[in-house]
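Working notes, structure below.
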Amino acid sequence: MKNNNSLRFLCLKAFSVVFFILTGFIVNAQEERYLTWKGTINNVLEQNPNLASAKVNLEAAEADIAIARANYLPGLNVLGSISQSKTATFSQTAGVIPSSAALAGASLSQMIYNEKKVANIQIQKYLYASQEEQFRNLRYNIISGTGMSYVALLFANDLLSVQQENIKITEHNLKAAKDRFEVGSTNKQEVLRWQTQLYADRQSIESQKALLIIRQGGLNQLLNSPIETKNQLEKLTLENNGFLFSSNLVAASASDENKAMIIRDFFVELGHANSPVLAGIDQQLLAQNRQVQANKRWAIPNFNASASADAKFDLNPEEAETTGNDVGFWKVGLTMYLPLLDGGANINKVKQSKLQMSALELHKNDLTTSLEQSIRASVAVVIGDFLNIGYAKEQAAAADMNYELVNDSYMVGESSLLDLLDAQNQKLAANIASRVALYTFFNDLLAVELAIGYFPFLQPKEEVDALIHNLELRLMDLK
């Protein structure tokens, strides 16, 4: 009996261990997820509270168009009243009103022409279009910020991998030094030197792990996810994510200054065509121009049609205070309104609106120039980043080869400990530099795409391919 109880206890304990292991596995699985580049950005766009708030405000602004248009639609009013007075009274509109009476009426009005209200409908449409561009600009800033956070996390992950690979080399060299010390082929100083390097490498790794957690939390905050959620990210490549630089022809042309200028010109054209900031100013200019036109037409009369009908009911007909024909009336009219003198206000309104138009035009010119300068500078940086990727790869390959040669020489006593440490540090620095070059390029490319208002990864592939082909034709035409 005692053995059976022991067996049951052991089975229960084993089951509990398995249960907790499986539970822990499930929890860990829930805390890790795989994120794609495009999917991450789309998720943030769907969940970002600032963007959702701006979208609601945009929908509210659209109501201004309907309100402006309502002024041009028919207006219908219905009224009714019951009154009691000492004696019958007289009204210019209703005639004799019995001492005890009920009144009912309706009026219909229809604007035929009013220049200011006609203009206001179109002005509100332009202003709404300007707000749409502001919304698009906010959306693009969120896309760029999300992309940069994604790139920063990829960079932090890769740097950790580089440092973990480096500490493996240090551990291998430390073990080799201990083995040589045991057989008397080296001294204690060499062992201690490698131990010192190992501790330094461990410190670097711990610092990088902390930075990785920070970058992880930053992206999770954008995704509205638990801060500690672990993310496995889709890698970025020049072939899939390099935009214009994914083209072999564009890539080969980047080092030629004349062709690089064509690339910068092309980006500037894209910026002028797609920038939401410039598009918003254009809509404001259209609205202001319509306001100028409306102010110039101050001498055009306003016309309004109206119709009304009223009926009155004597609630005490025995007193015969009204005749049988005096029971109501109807009226149809056409009204013209033309202000002839207003102290010069209309003339000054025209002058004021023209000055406001000139101010907007000057603002647009300044924005256009600033945008072009910004795009050209940013593209120049990106071209440099792109070229640095190739140089950094060659540097890393050379450093790897140098380390192997120095390590082989060190093992046979032809190179010193300092030579090997220097070669390892060069290898580490070169591998870090290759990652810096790659992710700096992607980060700066996002800044360019924000400046030009065009993110290729959110556009149809056919459209992006057509843009690349257009640039390739321009580069081929340059001889």
Side-chain angles (χ1 to χ4, degrees), residues 35-46 48 51 132-133 135-151 154 233-256 259-279 371-372 374-390 437-478:
L35 297 177
T36 64
W37 168 248
K38 188 175 178 180
T40 300
I41 291 173
N42 285 331
N43 285 341
V44 171
L45 290 176
E46 291 174 1
N48 187 272
L51 196 63
E132 282 186 312
E133 295 302 329
F135 176 79
R136 185 161 68 100
N137 189 47
L138 173 62
R139 185 172 181 269
Y140 286 172
N141 276 279
I142 292 171
I143 291 171
S144 178
T146 303
M148 290 180 179
S149 181
Y150 187 101
V151 170
L154 273 177
L233 303 184
E234 175 190 15
K235 295 291 185 180
L236 299 181
T237 64
L238 292 174
E239 294 75 15
N240 297 327
N241 309 102
F243 191 17
L244 298 179
F245 296 93
S246 62
S247 161
N248 292 331
L249 178 58
V250 175
S253 304
S255 58
D256 184 324
K259 293 183 178 180
M261 183 176 293
I262 292 178
I263 296 173
R264 292 194 293 270
D265 290 341
F266 189 77
F267 273 107
V268 169
E269 288 180 21
L270 287 177
H272 287 166
N274 296 287
S275 169
V277 176
L278 293 183
L371 179 66
E372 178 174 350
S374 175
I375 291 173
R376 288 188 181 279
S378 299
V379 174
V381 170
V382 167
I383 290 175
D385 293 340
F386 178 76
L387 296 175
N388 286 338
I389 292 173
L438 179 64
Y439 292 112
T440 299
F441 167 78
F442 285 125
N443 201 68
D444 291 340
L445 182 61
L446 278 167
V448 170
E449 291 167 349
L450 174 63
I452 66 175
Y454 189 86
F455 293 93
F457 46 85
L458 297 180
Q459 308 302 327
K461 185 178 183 302
E462 297 77 13
E463 180 180 307
V464 178
D465 289 343
L467 281 177
I468 295 175
H469 182 63
N470 188 356
L471 177 57
E472 289 174 337
L473 291 177
R474 297 189 191 190
L475 293 171
M476 287 188 291
D477 287 341
L478 183 66

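Model, not experiment: these values are computed from the prediction. Just so it is clear, the values below take in all heavy atoms, side chains as well, and ignore hydrogens, waters and symmetry mates.
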Subject >> Donor-acceptor pair between D256 and S253 side chains, under 3.5 angstrom >> reply: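 No pair is found: no donor N or O on one side chain lies under 3.5 Å from an acceptor on the other.
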Considering all heavy atoms of both residues, which atom of [X] and which atom of [Y] are nearest to each other, and what is their separation?
X: I468; Y: S247; value: CG2-CB, 3.6 Å
X: A260; Y: A254; value: CB-O, 3.9 Å
X: R376; Y: R264; value: O-CD, 3.6 Å
X: G39; Y: T36; value: N-OG1, 3.0 Å

Subject >> Donor-acceptor pair, side chain of N240 and main chain of L236, under 3.5 angstrom >> reply: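 Checked: no pair found.
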Original post:
Counting N and O atoms only, with roles assigned by atom type, does the side chain of T146 sit under 3.5 Å from a partner on the main chain of I142, one being a donor and the other an acceptor?
Top reply: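 A pair under 3.5 Å: yes.
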Original post:
Quick check: are there more than 12 heavy atoms from other residues, nucleotides or ligands sitting under 6.0 Å from NZ of K235?
Top reply: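 Enclosed.
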Original post:
For V250 and L471, what are the C-alpha separation, side-chain angles and deciding distance, and is it a side-chain contact (heavy atoms from CB on, under 4.5 Å)?
Top reply: CA-CA 8 Å; V250 175; L471 177 57; 3.8 Å; yes
**OP:** List in chain and number order the residues that pass salt bridge (Lys or Arg N to Asp or Glu O under 4.0 Å) with R136, two or more places apart in sequence or in another chain; answer none if no residue qualifies.
**Re:** E133
**OP:** Output all residues satisfying salt bridge (Lys or Arg N to Asp or Glu O under 4.0 Å) with E269, sequence neighbours left out; order by chain, then residue number.
**Re:** R474
**OP:** Measure the acute angle between the ring planes of F457 and W37, then classify it against the limits of 30° and 60° as parallel, tilted or perpendicular.
**Re:** perpendicular
Rounded at 0.5 Å granularity, tell me how far [atom1] in [X] sits from [atom2] in [Y].
X: N470; Y: L475; atom1: CG; atom2: CG; value: 10.0 Å
X: E472; Y: L467; atom1: CD; atom2: CG; value: 11.0 Å
X: I383; Y: N388; atom1: CD1; atom2: CG; value: 12.0 Å
X: E234; Y: Y150; atom1: CD; atom2: OH; value: 5.0 Å
X: S246; Y: N241; atom1: OG; atom2: CG; value: 9.0 Å
X: K38; Y: I143; atom1: NZ; atom2: CD1; value: 11.0 Å

Original post:
With a 4.5 Å heavy-atom cut-off, do E46 and N43 have their side chains touching?
Top reply: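 Side chain of E46 against side chain of N43, heavy atoms only: contact under 4.5 Å found.
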List, one per line, each side-chain donor-acceptor pair under 3.5 Å for residues 437-456, sequence neighbours excluded.
| residue | atom | partner | partner atom | Å |
| --- | --- | --- | --- | --- |
| Y439 | OH | D158 | OD2 | 2.7 |
| T440 | OG1 | V436 | O | 2.6 |
| Y454 | OH | E463 | OE2 | 2.8 |

